[in-house]
Amino acid sequence: MDTNHSTPSPVPAPSPAPRLDVIGLVTADMAASLAFYRLLGLDVPPGAETAPHVEVTLPGGLRVLWDTEDVVRSFDPAWTRPATGGDRVALAFRCADPGRVDAVYETLTAAGHRGHLKPWDAVWGQRYAVVLDPDGTGVSLYADAADPKGAADPADREEP
């Protein structure tokens, strides 16, 4: 038995346990980033484009925050923009139905945003697509695949 490589014991979470409260995005262009997320339905306050820090509270209480690269460097002078080649944050927006995935993808790409993966029917049972936000972060769009009987969500079906 190798005693040099032990698995650390799990540390219990402090009570009460922390809760996810914020998804933070660092942006090179605040106005472009906010315009992108407005197209996805986030209620970004008017005039926020010139602010160095912006916050939006989602209906469930989770917040999305944007900071300019300069703001991050103000408290972390060694910060550098991540190299391309992989997402550091995963954001996914649920659409009402498979057709909305295609429509939202079209809206975003027609507005000049880069499509990364065109809408397709994924093997895991969803209509799925990915668009890049202005900073190159992949943003997924998805909906449950349509039921052969026509209901997109099992909860929408009436029981026999």
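Index from 1, following the sequence.
For the atom pair NE2 (His116) and OG (Ser140), the distance works out to 9.0 Å, reported to the nearest 0.5 Å. With rounding to the nearest 0.5 Å, the separation of OG1 in Thr57 from CZ in Arg63 is 6.5 Å.
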Ile23 and Leu91: CA distance, side-chain angles, deciding distance, side chain to side chain contact (heavy atoms under 4.5 Å, CB included) verdict: CA-CA 9 Å; Ile23 297 171; Leu91 300 175; 3.7 Å; yes
Stepwise side chain to side chain contact (heavy atoms under 4.5 Å, CB included) check, Thr137 with Leu132: CA-CA 5 Å; Thr137 299; Leu132 301 179; over 6 Å; no
Derivation and outcome, side chain to side chain contact (heavy atoms under 4.5 Å, CB included), residues Leu39 and Thr107: CA-CA 8 Å; Leu39 287 172; Thr107 296; 4.2 Å; yes
Side chain to side chain contact (heavy atoms under 4.5 Å, CB included) between Asp135 and Ser33, worked out: CA-CA 7 Å; Asp135 293 292; Ser33 187; 4.2 Å; yes
Pair Asp144-Arg94, salt bridge (Lys or Arg N to Asp or Glu O under 4.0 Å): steps then yes or no: CA-CA 9 Å; Asp144 293 333; Arg94 183 182 190 105; 2.7 Å; yes
CA sep, side-chain torsions, deciding dist, call: Glu49, Arg38, salt bridge (Lys or Arg N to Asp or Glu O under 4.0 Å): CA-CA 11 Å; Glu49 297 77 12; Arg38 278 187 179 116; 2.4 Å; yes
Stepwise salt bridge (Lys or Arg N to Asp or Glu O under 4.0 Å) check, Asp102 with Arg100: CA-CA 5 Å; Asp102 294 39; Arg100 286 295 300 152; over 6 Å; no
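Considering every non-hydrogen atom in both Leu141 and Cys95, the closest pair reads CB-SG, 4.3 Å. Across Val44 and Ala48, no two heavy atoms sit closer than the pair CG1-CB, 4.0 Å. Between Thr68 and Ala51, the shortest heavy-atom contact is CG2-O, 4.3 Å. Heavy-atom minimum distance, Pro119 versus Val101: CB-CG1, 4.3 Å. Here the shortest heavy-atom pairing between Ala32 and Pro134 reads O-CG, 3.2 Å. In this structure, Tyr142 and Ala92 approach most closely via the heavy-atom pair CE2-CB, 3.9 Å.
Using cut-offs of 30° and 60° for the angle between ring planes, the Phe36 and His113 rings count as perpendicular.
Both Val123 and Leu117 are part of a single hydrophobic cluster, where members link through side-chain heavy atoms under 4.5 Å apart. Two different hydrophobic clusters hold Phe75 and Leu65 under the rule that ILVMFWY side chains link at heavy-atom gaps under 4.5 Å. Leu25 and Leu20 fall within a single hydrophobic cluster, where Ile, Leu, Val, Met, Phe, Trp and Tyr are joined by side-chain heavy atoms under 4.5 Å apart, directly or via other members. Leu34 and Val72 sit in two unconnected hydrophobic clusters of ILVMFWY residues. Membership requires side-chain heavy atoms under 4.5 Å apart, directly or through other members. Val26 and Trp66 are members of different hydrophobic clusters when ILVMFWY side chains are connected at heavy-atom separations under 4.5 Å.
Counting non-hydrogen atoms of other residues, nucleotides and ligands closer than 6.0 Å to CZ of Arg81 gives a total of 12 or fewer. Applying the 6.0 Å contact sphere to CG of Asp43 captures no more than 12 heavy atoms from other residues, nucleotides or ligands.
Within the 4.5 Å cutoff, side-chain heavy atoms of Thr27 are placed close to those of Met30. By the 4.5 Å heavy-atom criterion applied to side chains, Arg114 and Val131 are not counted as neighbours. Using a 4.5 Å heavy-atom threshold, the side chains of Phe93 and Val139 count as touching. At a threshold of 4.5 Å between non-hydrogen side-chain atoms, the residues Val64 and Leu42 count as touching.
Remark: the backbone N or O of Val71 is not paired with any side-chain donor or acceptor of Asp67 at under 3.5 angstrom. Distance alone, capped at 3.5 Å, is enough to place a donor-acceptor pair between the Thr109 side chain and the Tyr105 backbone.
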